[in-house]
Amino acid sequence: FLQVASPVPQGPNKWHEQFPIAKGQRQSPIDIVTSNAKVDKALSDNPLKVSYSNNCCQSVTNTGASFQVVVDGAGTEISGGPLDSTYKLVQFHAHWGPLGGDEGSEHTVDGVTYPAELHLVHWNQKYKDVGEAVDKPDGLAVIGVFFSRGKEHAGFKPISDLFAKVPRKADKVDISFNYDPACLLPARRDYWTYLGSLTTPPLFESVTWIVMKDPVEVSAEQLAALRNLLWETPSGEGQMCNNYRPPQPLQGRLVRST
Ligand SMILES: COc1ccc(N2C[C@H](O)c3cc(S(N)(=O)=O)sc3S2(=O)=O)cc1
Ligand SMILES: [Zn+2]
């Protein structure tokens, strides 16, 4: 029988054909115009509380669109800040650009891009599981952390060293060591927050975004390690890169700031 190769995923500018919400009212990412962000004292009065445990990470998988560190929910909770309830970490992944380039982040700050952006995905505990939460307006909270190119990030190294072990889609390796994802957060916990969506299909408008203001430095080698992950390109298997969605219309949304 004719072997039908799995279709190469279509780029962001085609997603609206299958996911009309791509042209919705609260899509992500966005360009954060810092002069339009409104400082909200309530955010600092009730500080964002991040309490992760250091044995929550189970495995790293190549999803065919990014790496994904799967986390079991034990003791990995965030609350406070813009959140009205407790959310639990379910996975973290990233988006990045071409080798050596400065584009790659999904959110931009006054038009400035970073070489990569980490997403820590959490689901609202008022729902019974992430599947129920994933398409609800208050279902998810994602913490975005910008990666800048600089010195090696010791905390990211145990993870970036695993990418070479999961080159192909669905490859998976267990994480046998204790790992606390909080080490990936910048020291200064200031952030911007706004209501948005998943940045990949199905693009559900279910995300309270918390984008940390300060980037964390990772080395050029750690950024290059992201390209040990492979994916399908129109000309066959290639290095995974440019897996980021560009900024979407703000549609009048307010971005708040600590
Ligand atoms: C069946 O519907 C589903 C809905 C969502 C998902 N997920 C995978 C998505 O790729 C995705 C993208 C996220 S991002 N870039 O942080 O905005 S978060 C997230 S997910 O883990 O929720 C899976 C199935
Ligand atoms: Zn993401």
Side-chain angles (χ1 to χ4, degrees), residues 9 12 15-16 18-30 40 42-43 46-53 55-61 63-95 106-107 117-145 170 172 175 179-182 184-185 189 191-212 243-245 248 251 253-256:
W15 288 347
H16 69 93
Q18 197 180 344
F19 304 96
I21 202 165
K23 295 179 182 292
Q25 295 305 302
R26 56 173 278 191
Q27 288 290 294
S28 292
I30 60 170
D40 183 349
L43 295 173
N46 176 18
L48 180 69
K49 187 169 176 296
V50 178
S51 48
Y52 291 160
S53 69
N55 61 355
C56 62
C57 299
Q58 308 269 309
S59 61
V60 188
T61 300
T63 65
S66 183
F67 72 84
Q68 192 167 112
V69 175
V70 172
V71 164
D72 80 345
T76 52
E77 300 184 345
I78 62 172
S79 59
L83 306 175
D84 291 337
S85 71
T86 300
Y87 288 66
K88 259 192 184 182
L89 181 65
V90 61
Q91 57 104 332
F92 61 90
H93 63 275
H95 306 261
E106 299 209 299
H107 291 90
E117 181 175 333
L118 180 81
H119 289 159
L120 295 143
V121 182
H122 309 74
W123 59 281
N124 191 328
Q125 291 304 287
K126 75 189 250 195
Y127 299 109
K128 69 177 185 327
D129 57 30
V130 62
E132 186 189 9
V134 82
D135 64 349
K136 304 300 184 294
D138 61 353
L140 301 179
V142 182
I143 296 181
V145 183
K172 174 178 168 181
I175 291 179
Y179 187 77
D180 178 354
L184 299 172
L185 296 173
R189 295 292 168 90
Y191 58 86
W192 295 286
T193 183
Y194 76 99
L195 297 180
S197 73
L198 301 176
T199 64
T200 64
L203 299 169
F204 291 144
E205 296 187 329
S206 58
V207 181
T208 298
W209 277 96
I210 297 169
V211 180
M212 305 312 289
N243 53 356
Y244 62 92
R245 188 191 194 188
Q248 301 301 306
Q251 304 288 17
R253 283 173 284 176
L254 171 68
V255 177
R256 291 186 290 159

Got [X] and [Y] here, is their nearest side-chain heavy-atom distance under 4.5 Å?
X: I143; Y: L185; result: yes
X: T86; Y: I78; result: no
X: K23; Y: H16; result: yes
X: F204; Y: I21; result: no
X: V211; Y: Y191; result: no
X: T193; Y: L43; result: yes

Whether the side chain of [X] engages the backbone of [Y] through a donor-acceptor N/O pair (distance < 3.5 Å, no angle test) should be reported.
X: E106; Y: Y244; value: no
X: N243; Y: A65; value: yes
X: H93; Y: Q91; value: no
X: S51; Y: E77; value: yes
X: R253; Y: Q27; value: yes
X: T63; Y: Q68; value: no

Handout entry: side chain to side chain contact (heavy atoms under 4.5 Å, CB included) assessment of H95 paired with T199
Key = CA-CA 10 Å; H95 306 261; T199 64; 3.7 Å; yes
Fill in the blank from the handout: Output for pair (Q248 CD, L203 CG), nearest 0.5 Å, gives 8.5 Å
Exercise for the section: Look at the rings of H119 and H107 and say which category their plane angle falls in: under 30° parallel, 30 to 60° tilted, over 60° perpendicular. Expected result: perpendicular
Exercise for the section: Classify the ring geometry between Y194 and W209 as parallel (under 30°), tilted (30 to 60°) or perpendicular (over 60°). Expected result: parallel
Indicate whether the side chain of [X] and that of [Y] have a donor and an acceptor atom separated by less than 3.5 Å.
X: S85; Y: N124; value: yes
X: D138; Y: Y127; value: yes
X: D180; Y: Y52; value: no

Practice task
Could you list the residues that satisfy salt bridge (charged side-chain N to carboxylate O under 4.0 Å, His left out) with R256, not counting sequence neighbours?
Solution key: D40
Problem - Test log, rule side chain to side chain contact (heavy atoms under 4.5 Å, CB included), inputs V90 and V71 - result: CA-CA 5 Å; V90 61; V71 164; over 6 Å; no
Handout entry: side chain to side chain contact (heavy atoms under 4.5 Å, CB included) evaluation trace for T61 with V69
Key = CA-CA 6 Å; T61 300; V69 175; over 6 Å; no
Handout entry: Shortest non-hydrogen separation from A133 to S206 and the atoms involved
Key = O-CB, 4.5 Å
Practice task
Please list, chain by chain and in numerical order, all residues satisfying side chain to side chain donor-acceptor pair (under 3.5 Å) with S197, sequence neighbours excluded.
Solution key: none
Handout entry: Ion pair check, D84 and K126, cut-off under 4.0 Å
Key = no
